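Nothing here was measured: the structure is a model prediction, and the numbers come from that model.
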Amino acid sequence: MFLVPDRHSLRRLGHDLALILPGLALTLLAIVVLLPLAAVSAALAVVWIGVLLFPLTLALASVYAQLDRARLRRWGVEVNPPSYRPRGRGPRGLLRLVTDPRRWLDLAFEALIALPVRALTVGVTVAWAVLALAGLSYWLWGRTLPPGGTPVPGQWSLALVLGLALALSFPAMVRALALLDAVVSVPLLGGAVPGSRRRGSPAPPIVHTVDARLREGAWTWMTVAFISFVLVVVSWPVTASLYSVHPAVAMMVSIASALAGVLAVRWPWAGLSLSILGATATILATASAPDTLPWPWPVTALLAHCLTLTVLAVFHRWFWAVSAWSGGALLTLISLLITEPAIRADDSLRAVTTNGVVLVAISGGVVLLGLTVRQWLLISSQVEQAQSLGADQMRRRYELEERSRIARELHDVVAHSMSVITVQAGTAKFRLTGLDAQTEQEFEDIAASSRQALGEMRSLLATLRTDDDLDDMPMPGLADVTDLVETSRATGASISADLEPVEVPPTVGLTAYRVVQEALSNALRHAHGAAIAVSVSVSSTPERTLQVNVSNVAPESEHDPIPGSGLGLSGIHERVSALGGSVQAGPSPDGGYAISAQIPIAHPLPR
């Protein structure tokens, strides 16, 4: 059965081939350069030449690793940037480079791990394409074959069907090989950035959040994989030669038992299942072994089982390791029960029992040791989290103290002066004689504006002095824009307002209020006497947006503007941008000035 390619898979075929095909050439070039340098560096390590070549080898390995990261980024997976140790100058800088584990991991990946993976991906890709092309064109080149052998009826049609099947499944096979390259390369090169996606498809399941950070580390994978590889290399010939097992069967049971430990790093259920199946197959394959050899648990099978138990005990919950240990003990008991009575008459039964007791004891000790290590890792992680939480609480306390100090300074500098202005403006009509009605109204407006400013100042001071949410603080909203316009008109300015009543979230209303407030303040300071237009409306686009426009024409006469801090427009941009909106501010064609803000209503926070 093959997958019929669609338009999407055909488009991404070239993208996948661009990841697979250059990888082998880059790996071969890296091996040609890095392996001789590493060998010469190790051979001459006793003299200064070797000491100088080791940093060069590691630096070149990092360069090749960066090229691989660039390939993966072009493919669509964003790889975390490597965290190399900072290099210094002189001998100390060389020592830092040599003792950097990240660079050693780059060297191990480029010189040892990448070659078999990329040889497999490129080899399968080329072979698949050649066979597909050969099958489709067999009707043409098959006639040139010399006659001989028994002809197969309709062989040209069979070749055509086979070639067509290979051609149709070629994009899916290339996609799977590209995924294999990425799944192996990305964790060893630094891991994928959370949320990164391949073009045109969901994100690959490469990085997951885990409890123990060591579990997903590249060094963990490499260590377990290396031990498993050594176990396969040793177990295969031992099982085939000493236990007289067919080499193919010995290879399969050896790989299954060793691969269980690798799978257990990420998937405990897979490691547990494969470990029990591999142990069962090993027991059955070696059942006819001589009485002098350990059975039912050969030494290599015992070591592979202990490797899986160690991984399960350290990186997963306790019941996984206990289940695997119980499975091994159950297999030992079954082996004792199914042993033929004729064998029990001699010392073989004692040997089998001893082997089972050794398995149960050693594996039990491994489980206990692994659970102890896991508990130590968890406690260390909890201590680190507690330290981070304590540091965060300390930072928040210092921040609150600083905010309280700022609040005191603002109260001493501003609040007293505002209170004096409010009292003087409110009592002017009682202290001063001969004031007409217009002047008294002017003083009343000044007193009202100062009281409002003083109230907002007190709200700001309360916010600075507390760590509570801003939602509990009284803040102006969109409904208060009308009062703001009326207060500004009291200064004598000509202001026209077109305010559309609309329900908006409090944060949007506060932001719109601040935009109008700052725009009116700028117009009153820099364009005295100019007509001002204020409009607030909702756009008719599918995504509802609050449109706030404040503009003024050119002033009729030149005058010196009232100086300001110059931070008002920056504050508007910050407020609106925080809600995912935009602001345009600048001179208008008629010589005036205009400020326009678009504030999203449906999504008050940036998406």
Side-chain angles (χ1 to χ4, degrees), residues 445-446 448-450 452-453 455-457 459-460 475-541 543-602 604:
D445 293 339
I446 294 175
S449 298
S450 59
Q452 180 181 0
E456 294 184 4
M457 175 65 67
S459 298
L460 175 62
M475 292 292 178
L478 191 59
D480 299 315
V481 173
T482 303
D483 296 336
L484 177 63
V485 172
E486 292 297 332
T487 303
S488 301
R489 283 174 178 163
T491 62
S494 174
I495 303 176
S496 60
D498 182 11
L499 307 178
E500 178 181 341
V502 59
E503 292 291 334
V504 296
T507 52
V508 176
L510 175 61
T511 302
Y513 180 89
R514 295 304 184 194
V515 170
V516 176
Q517 185 181 45
E518 180 61 29
L520 289 177
S521 299
N522 288 340
L524 294 176
R525 284 199 305 265
H526 302 291
H528 182 70
I532 305 173
V534 179
S535 67
V536 177
S537 61
V538 178
S539 65
S540 58
T541 58
E543 295 185 358
R544 301 179 67 221
T545 303
L546 187 67
Q547 301 283 344
V548 180
N549 299 306
V550 180
S551 61
N552 61 270
V553 299
E556 298 179 356
S557 60
E558 295 291 336
H559 69 283
D560 294 331
I562 301 175
S565 63
L567 300 178
L569 290 179
S570 299
I572 288 179
H573 280 283
E574 292 176 359
R575 286 179 178 273
V576 177
S577 298
L579 299 181
S582 60
V583 178
Q584 297 82 34
S588 56
D590 58 359
Y593 200 85
I595 296 178
S596 177
Q598 297 80 36
I599 310 172
I601 298 177

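- Evaluation of the side-chain contact (heavy atoms from CB on, under 4.5 Å) rule for Asp483 yields Asp480 as partners, not counting sequence neighbours.
- Note: Thr487 OG1 to Ile495 CD1 = 9.5 Å, rounded to the nearest 0.5 Å.
- Contact between Ala512 and Leu546 at its shortest, heavy atoms only, is CB-CD2, 3.7 Å.
- Under the 4.5 Å side-chain criterion, counting only non-hydrogen atoms from C-beta, Tyr593 is not in contact with Asn522.
- Of all non-hydrogen atoms in Gly580 and Pro600, the two that sit nearest each other are O-CG, 3.5 Å.
- A side chain to side chain contact (heavy atoms under 4.5 Å, CB included) with Tyr513 holds for exactly one of Val548, Val481, Leu478; it is Val481.
- Annotation: the span from Ile595 atom CD1 to Glu518 atom CD amounts to 7.0 Å, rounded to 0.5 Å.
- Residues passing the side-chain hydrogen bond (donor to acceptor under 3.5 Å, both in side chains) test with Ser488, sequence neighbours excluded: none.
- In this structure, the side-chain contact (heavy atoms from CB on, under 4.5 Å) partners of Ala523, at least two apart in sequence or on a different chain, are Ile532, Asn552.
- Leu510 is listed as a side-chain neighbour of Arg514, based on a closest heavy-atom distance under 4.5 Å.
- Of all non-hydrogen atoms in Ala597 and Val576, the two that sit nearest each other are CB-CG2, 4.4 Å.
- Val515 places none of its side-chain heavy atoms less than 4.5 Å from the side chain of Val550.
- Partners of Thr482 according to the side-chain contact (heavy atoms from CB on, under 4.5 Å) rule, which considers only residues two or more places apart in sequence or in another chain, are Leu499.
- Between Asn549 and Val534, the closest side-chain pair of non-hydrogen atoms is not below 4.5 Å.
- Judged purely by atom type and a 3.5 angstrom limit, Ser539 uses its side chain to pair as donor or acceptor with the backbone of Thr545.
- For Glu503, the CD atom sits in a loose shell: 12 or fewer heavy atoms of surrounding residues, nucleotides or ligands are nearer than 6.0 Å.
- Side-chain contact, Gln598 with Ser582: a donor N or O sits under 3.5 Å from an acceptor N or O.
- When the salt bridge (Lys or Arg N to Asp or Glu O under 4.0 Å) test is applied to Glu486, the partners found at least two apart in sequence or on another chain are Arg489.
- In this structure, the side-chain contact (heavy atoms from CB on, under 4.5 Å) partners of Ser496, at least two apart in sequence or on a different chain, are Ala533.
- With contacts defined as side-chain heavy-atom distances shorter than 4.5 Å, the pair Val536/Glu500 does not qualify.
- We find the OG1-CG distance between Thr511 and Leu579 to be 4.0 Å, quoted to the nearest 0.5 Å.
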